[in-house]
There are 2 protein chains.
Amino acid sequence: MLLPAHFFKCLADETRLRCLLLLQRRGELCVCELTQALQMSQPKISRHLALLRTCRLLQDRRQGAWVYYQLHPDLPDWALAVLNTAADGLVGQPMFAGDAGRLTGAAVCPSGWTDDEALGALKPA
Amino acid sequence: MLLPAHFFKCLADETRLRCLLLLQRRGELCVCELTQALQMSQPKISRHLALLRTCRLLQDRRQGAWVYYQLHPDLPDWALAVLNTAADGLVGQPMFAGDAGRLTGAAVCPSGWTDDEALGALKPA
DNA sequence: TTAATATATGGACATCCATATATCTAAATG
DNA sequence: CATTTAGATATATGGATGTCCATATATTAA
């Protein structure tokens, strides 16, 4: 069971918050996309994603060399509602808008490919 | 300026979250009311309220021996929206419902009095 | 003035947390 | 097999955080 205070503690870090809001908007992203969007080191991103996975805020899915993360499907309604409200209210702020921009601007491993497409695709930058 | 991650860190503690959601619903409460509603020690409540005041999430107002707290009027829209959404989604949970119950059940220093009424009123339990 | 009540704060303590560095696994490729 | 790349993890460290106890301050009552 997800305790509200525990949930908010997961949002209480800029790196995690940016990852979550990005995933809330885009649905599913791999670690390298998040690394590029947030312009942070891969170990740092990975560590925060692991924390969010352990806390059951995110779910991961491996596809070849890449690991894709998305909001956990079992998140309670109140948590989804808070994430939605936060994303709506913060999407205008430069910090978060910049993330989405760096994401769309880069032609890297988009999710939604078939297995064959993913296996044959170029590696992300 | 209120940083989103900083704001969520303020919500990342059960005591503070319960205080904030109660104040979000009730508008203004004094320390003794919160102490009674949450069934926690006065120093503990006072410390967390001081933190929320320092972080500009709460505003305090002294009236005689009592200090009343309320959501800070300068809170940005996105922060108010998140608090609203959280309160809507969590009001059903026993943890938070119990707080409101203990508050309504006690006939203690209600806010909204005039100065004269407050000065002449009985002390809170 | 003395007592009582409401609130705040200082100090001590244990715990948690974010970060950096380095290492490790697994997969893809040649 | 060797190499490269994506990603995870182990460890150490500095710093923040929550809680408790005791005490301090402020206001009101007697």
Side-chain angles (χ1 to χ4, degrees), chain A residues 3 5-6 8-19 29-55 58 60-69 106 108-109 111 115-125, chain B residues 3 5-6 8-19 28-55 58-69 106 108-111 113 115-125:
Chain A
L3 290 173
H6 192 196
F8 284 115
K9 187 172 285 185
C10 290
L11 309 199
D13 175 272
E14 185 184 310
T15 303
R16 287 197 294 268
L17 186 57
R18 288 164 73 186
C19 287
L29 296 169
C30 70
V31 181
C32 67
E33 286 175 302
L34 290 166
T35 300
Q36 177 167 333
L38 272 64
Q39 306 256 66
M40 290 179 177
S41 74
Q42 180 271 323
K44 181 172 175 177
I45 297 283
S46 179
R47 201 171 229 287
H48 284 292
L49 291 175
L51 189 151
L52 293 172
R53 171 168 34 84
T54 301
C55 295
L58 295 183
D60 66 332
R61 172 178 72 88
R62 176 174 286 270
Q63 185 171 49
W66 298 283
V67 175
Y68 293 92
Y69 282 90
V108 290
C109 57
S111 59
D115 281 17
D116 281 14
E117 284 169 339
L119 290 171
L122 289 172
K123 290 182 281 292
Chain B
L3 290 173
H6 191 196
F8 285 115
K9 186 173 288 185
C10 290
L11 310 198
D13 176 272
E14 185 185 310
T15 303
R16 288 197 294 269
L17 185 58
R18 288 163 73 186
C19 286
E28 200 179 40
L29 296 169
C30 71
V31 180
C32 68
E33 286 175 301
L34 289 166
T35 300
Q36 176 167 332
L38 272 64
Q39 307 255 65
M40 291 181 178
S41 74
Q42 180 269 321
K44 182 173 174 177
I45 297 285
S46 180
R47 271 198 187 282
H48 284 292
L49 291 175
L51 188 151
L52 292 172
R53 171 168 33 84
T54 301
C55 295
L58 296 184
Q59 189 184 57
D60 66 332
R61 171 178 72 88
R62 175 174 285 273
Q63 185 170 48
W66 298 282
V67 175
Y68 293 93
Y69 282 89
V108 290
C109 58
S111 59
W113 285 345
D115 281 17
D116 281 15
E117 284 170 339
L119 289 171
L122 290 172
K123 290 182 284 293

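Letters A, B, ... are given to chains in the order of the sequence lines, protein chains preceding strands, and every chain is numbered from 1.
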Practice task
For the side chain of B:W66, starting at C-beta, report the closest nucleotide among D:dG7, C:dT21, C:dA6.
Solution key: C:dA6
Practice task
Examine distances only and state if a side-chain atom of B:R53 and a backbone atom of B:Q59 form a donor-acceptor pair shorter than 3.5 Å.
Solution key: no
Practice task
Give, for atom CE of B:M40 and atom CZ of B:R47, the distance between the pair rounded to the nearest 0.5 Å.
Solution key: 15.5 Å
Practice task
State, yes or no, whether a side-chain contact exists between B:T15 and B:K44 at a heavy-atom distance under 4.5 Å.
Solution key: yes
Exercise for the section: Take atom CZ of B:R62 and atom P of C:dA6, then tell me their distance rounded to the nearest Å. Expected result: 12 Å
Practice task
Give a yes or no answer on whether the side chain of A:R16 reaches the backbone of A:C10 with a donor-acceptor pair at less than 3.5 Å.
Solution key: yes
Practice task
Rounded off to whole Å, could you give me the CG-to-P distance for the A:L49 and D:dA8 pair?
Solution key: 7 Å
Handout entry: Under-4.0 Å side-chain N/O to phosphate OP1/OP2 contact, B:K9 with C:dC17
Key = no
Exercise for the section: Using whole Å, report how far NZ of A:K44 lies from P of D:dT11. Expected result: 22 Å
Completion exercise
Taking D:dT27, C:dT19, C:dA8 as options, the one with an atom nearest any side-chain atom of A:D13 is C:dT19
Fill in the blank from the handout: Taken to the nearest whole Å, CZ/A:R18 to C1'/C:dA18 is 15 Å
Exercise for the section: Figure out the CE/P separation between A:M40 and D:dG7, and round it to whole Å. Expected result: 17 Å
Handout entry: Under 3.5 Å donor-acceptor pair, B:R47 side-chain atoms to C:dG11 base atoms
Key = yes
Practice task
Please check the phosphate of D:dT17 (OP1 and OP2 only) for any side-chain N or O of B:H48 closer than 4.0 Å.
Solution key: no
Problem - Presence of B:Y69 side-chain N/O under 4.0 Å of C:dA8 phosphate oxygens OP1/OP2 - result: yes
Practice task
Check every atom of D:dG7, D:dT19, D:dT9 against the side chain of A:C30 and return the nucleotide holding the closest atom.
Solution key: D:dG7
Practice task
Compare side-chain N and O positions of B:S46 against OP1 and OP2 of C:dT7 and report whether any pair is under 4.0 Å apart.
Solution key: no
Problem - Gap between atoms CZ and C1', on A:R53 and D:dA8 respectively (whole Å) - result: 8 Å
Problem - Spacing of B:D60 atom CG relative to C:dA6 atom P, expressed in whole Å - result: 18 Å
Problem - Pair of N/O donor and acceptor under 3.5 Å linking C:dA6 base with B:Q42 side chain - result: no
Exercise for the section: Keeping the roles fixed (side chain from B:T54, backbone from B:A50), state whether a donor-acceptor pair exists under 3.5 Å. Expected result: yes
Practice task
Write down the distance between CG (A:L17) and P (C:dA18), rounded to a whole number of angstrom.
Solution key: 13 Å
Practice task
Classify the side chain of B:R16 versus the base of D:dT19 as yes if they form a donor-acceptor pair under 3.5 Å and no if they do not.
Solution key: no
